[in-house]
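Below you'll find the structure, written out as structure tokens, and then a few comments.
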Amino acid sequence: MKPIQVGLLGIGVVGSGTFNVLQRNQEEIKRRAGRGIDITMVADLNVARAQALVGPGVTVVSDARAVIANPDIDIVIELIGGYGIAKTLVLEAIAAGKHVVTANKALLAVHGTEIFAAASAKGVMVAFEAAVAGGIPIIKALREGLTANRIQWIAGIINGTTNFILSEMRDKGLDFAVVLKEAQRLGYAEADPTFDIEGVDAAHKVTLMSAIAFGVPVQFDKAYIEGITKLGAADIKYAEQLGYRIKLLGITKRRQGDATKRQTDGIELRVHPCLIPAKRLIANVEGAMNAVVVQGDAVGTTLYYGKGAGSEPTASAVIADLVDITRLHTADAAHRVPHLAFQPNAMSKLPMLPMSEVVTSYYLRLRVADETGVLAKVTGILAEAGISIDAMLQREADEVGGEGSTQTDLIILTHDCMEARMNAAIALMQALPSVLEPITRIRKEELA
Ligand code: HSE
């Protein structure tokens, strides 16, 4: 059988990795897919550079629409990124009856509902393994491998840049800003790292995982997002002393309502720094690596680990999608794996819960005047709010602020409570004259 023909939009780091791996492993891939897979056309603004990368046998154009218009092309790979022209081209490719493979998490997290509906109406597939956690086949695991399960929660380190920064902060005892500069100098962090360090990239990815895990539409606008920019070396050190590591986690959980606690059914969708017990495997994922923990009712806890970015790891995911489409494109559309794992007419209407309704435990750091009664006042406020203390740590003032210091840090770990309740308690503690700086609050998950 003739090879299936693929058009590539954008040949940067991932595109060139995809081209190279397809060439290098073509025999192996053909044995798996049942026929060859050839990138026969590439669109890139830098035509000369693209042509040099792919050689004379591949047609290179500057106009992506020429690829979409080519009737010989069955699959279009979109590696342009962003929500702008990439969205237009993906919708045009679908309208032209092409299957689409994309690594564009931002596009699908924000416009997935429109894109998947257009693809279903046209009977084509939109595959996006590379959009979440790079080379880790987490979409495949959630959509197919874990299909027997009622998934309960997912927690993932799904941004390598921030995990690298946090690892460096812990190893070297440095603050965020210092490590970020170094990471940029070494090329680990982008010149504009906003999406990474503010948690937006992780939120795009956890939005996609949430939709697939619970069969709900993608709802990036409902995600709570907090990045790592306010984390200090001191918090990483105190967490360590209490047996925890701090990681930026993307978390999504199914919550069973409980009328007695005035809790409704819903789904949590959040990205924020998080204390996790140092003994958990995921707590030991260091550097730019990614890892995702999935808890299903039948399988229990499962962990997926690997490279979340980079040329060939991401190409590995793109090509897995190409193989899937090659195997399935002649199948009746109704018998393919649904885009979001659940049949489109069986999607759930479970609401995304606002952050104020999330129930979790907390790490609090209060910089206080080292004077009589401060601890009693602080613990009194927590007791009054019905928030139970799990552990406490207070160092001698000299150790915290240098010899003769009259200030110290009060570190408190709490048991679970609703975020709204914690917000109110923090406001009351903050108003105490002996609390000298803004209180640091970091959420804590046991991931048990
Ligand atoms: N910038 C991302 C990261 C990789 O640092 O993990 C692409 O999603």
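When a ligand or atom number is given, it counts from 1 through the structure's own listing order. Just so you know, these numbers use all the heavy atoms, side chains as well, and skip hydrogens, waters and symmetry mates.
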| message | Do R255 and F214 form a cation-pi contact, if we require the NZ or CZ to be under 6.0 Å from the six-membered ring centre and within 45 degrees of the ring's axis? | response | no

| In the protein, which heavy atom is nearest to atom 7 (C) of ligand 1, and how far is it? | K105 NZ, 3.4 Å

| message | Out of the candidates V58, L53, V6, only one should pair with F19 under the side chain to side chain contact (heavy atoms under 4.5 Å, CB included) rule; please name it. | response | V58

| query | Quick check: does A309 get an N/O under 3.5 Å from an N/O on ligand 1? | reply | no

| said: Looking only at the side chains, is there a donor atom on one of T360 and Y362 sitting less than 3.5 Å from an acceptor on the other? | reply: no

| task | Could you check whether the rings of H99 and H329 sit parallel, tilted or perpendicular, using 30° and 60° as the cut-offs? | result | perpendicular

| Who's the nearest protein heavy-atom neighbour of atom 6 (O) of ligand 1, and how far? | G160 N, 2.7 Å

| remark: For atom 5 (O) of ligand 1, the closest protein heavy atom turns out to be T161 OG1, 2.6 Å

| field | N290 N/O under 3.5 Å from ligand 1 N/O | value | no

| ring-ring contact (aromatic ring centres under 6.0 Å, His included) partners of F220, counting only residues at least two apart | H204

| field | Side chain proximity check, I442 to T440, heavy atoms < 4.5 angstrom | value | yes

| field | Protein contact to atom 1 (N) of ligand 1 [nearest heavy atom, distance to 0.1 Å] | value | D196 OD1, 3.0 Å

| field | Those atoms of ligand 1 less than 4.0 Å from some heavy atom in D201 | value | 2 (C), 8 (O)

| request: Would you mind telling me if ligand 1 is within reach of the side chain of E190, the backbone, both or neither, using heavy atoms under 4.0 Å? | output: neither

